[in-house]
Amino acid sequence: MLLLTKLAALGVVIWFYMSAEKSGQPAVKWAVIGLVGYVITWFLVDFALDNALSAITAKSKGGYFLVGQLPAFAGLIAAFFIRKKLLSDANVEK
């Protein structure tokens, strides 16, 4: 995995942990849910992009770098929606 991917995964864990503490929910459980959602999305997008764009990115190093970052951004977007769902569920419980 790329450095950006690892840093984003760490950020997701911290983000979910702190959000859970603020809403009075189990923090470790939320952190694990966020990390798993991020990693699954990252792998799915990485697999799809490798298959679809491997011929295009082989021609350009800059293109390879940019396409390599897309799975990390997709994982962050998925984490955002997962967190939003967890927060809405926590507000319904209260």
Side-chain angles (χ1 to χ4, degrees):
M1 284 195 221
L2 300 171
L3 179 62
L4 177 63
T5 302
K6 292 175 186 176
L7 291 175
L10 179 62
V12 166
V13 169
I14 293 168
W15 185 30
F16 274 69
Y17 189 89
M18 293 176 66
S19 296
E21 282 187 338
K22 286 180 185 175
S23 64
Q25 299 296 315
V28 174
K29 179 181 173 183
W30 275 38
V32 170
I33 290 170
L35 181 63
V36 168
Y38 173 82
V39 170
I40 288 173
T41 305
W42 187 91
F43 276 113
L44 290 174
V45 172
D46 187 53
F47 179 72
L49 288 178
D50 279 348
N51 286 339
L53 301 175
S54 61
I56 297 170
T57 58
K59 297 178 184 177
S60 168
K61 296 287 184 191
Y64 177 74
F65 177 76
L66 289 176
V67 171
Q69 304 309 315
L70 290 177
F73 292 120
L76 289 173
I77 291 169
F80 172 78
F81 286 114
I82 292 168
R83 180 181 167 273
K84 188 174 180 178
K85 174 66 173 150
L86 287 172
L87 286 173
S88 72
D89 289 348
N91 288 335
V92 169
E93 290 178 7
K94 290 182 180 181

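In this text, all values refer to a predicted model and were calculated from it rather than measured experimentally.
- Put simply, F81 and V13 are part of the same group of oily side chains (I, L, V, M, F, W, Y) that touch within less than 4.5 Å, one to the next.
- Hydrophobic clustering keeps L49 apart from F47 (ILVMFWY residues linked when any side-chain heavy atoms are closer than 4.5 Å, directly or through intermediates).
- Note that the CG atom of L35 and the CH2 atom of W42 stand 13.0 Å from one another [nearest 0.5 Å].
- I77 and F43 fall within the same hydrophobic cluster, where Ile, Leu, Val, Met, Phe, Trp and Tyr residues are linked whenever their side-chain heavy atoms come under 4.5 Å apart, directly or through other members.
- Residues passing the side-chain contact (heavy atoms from CB on, under 4.5 Å) test with L86, sequence neighbours excluded: F16, W30, I33, I82.
- Residues V12 and V28 are members of separate hydrophobic clusters, defined by side-chain heavy-atom contacts under 4.5 angstrom among Ile, Leu, Val, Met, Phe, Trp and Tyr.
- Annotation: side-chain contact (heavy atoms from CB on, under 4.5 Å) contacts of L4 (sequence neighbours excluded): Q69, A72, F73.
- Here M18 is tied into one hydrophobic group with L10, I14, each link being a pair of ILVMFWY side chains closer than 4.5 Å.
- With sequence neighbours left out, the side-chain contact (heavy atoms from CB on, under 4.5 Å) criterion links A27 to Y17, A20, E21.
- In terms of heavy atoms, P71 sits closest to V45 at CA-CG1, 3.7 Å.
- The salt bridge (charged side-chain N to carboxylate O under 4.0 Å, His left out) test applied to K85 returns D89, not counting sequence neighbours.
- For residues 71-83, the set of pairs meeting the side chain to side chain donor-acceptor pair (under 3.5 Å) definition, not counting sequence neighbours, comprises S19-R83.
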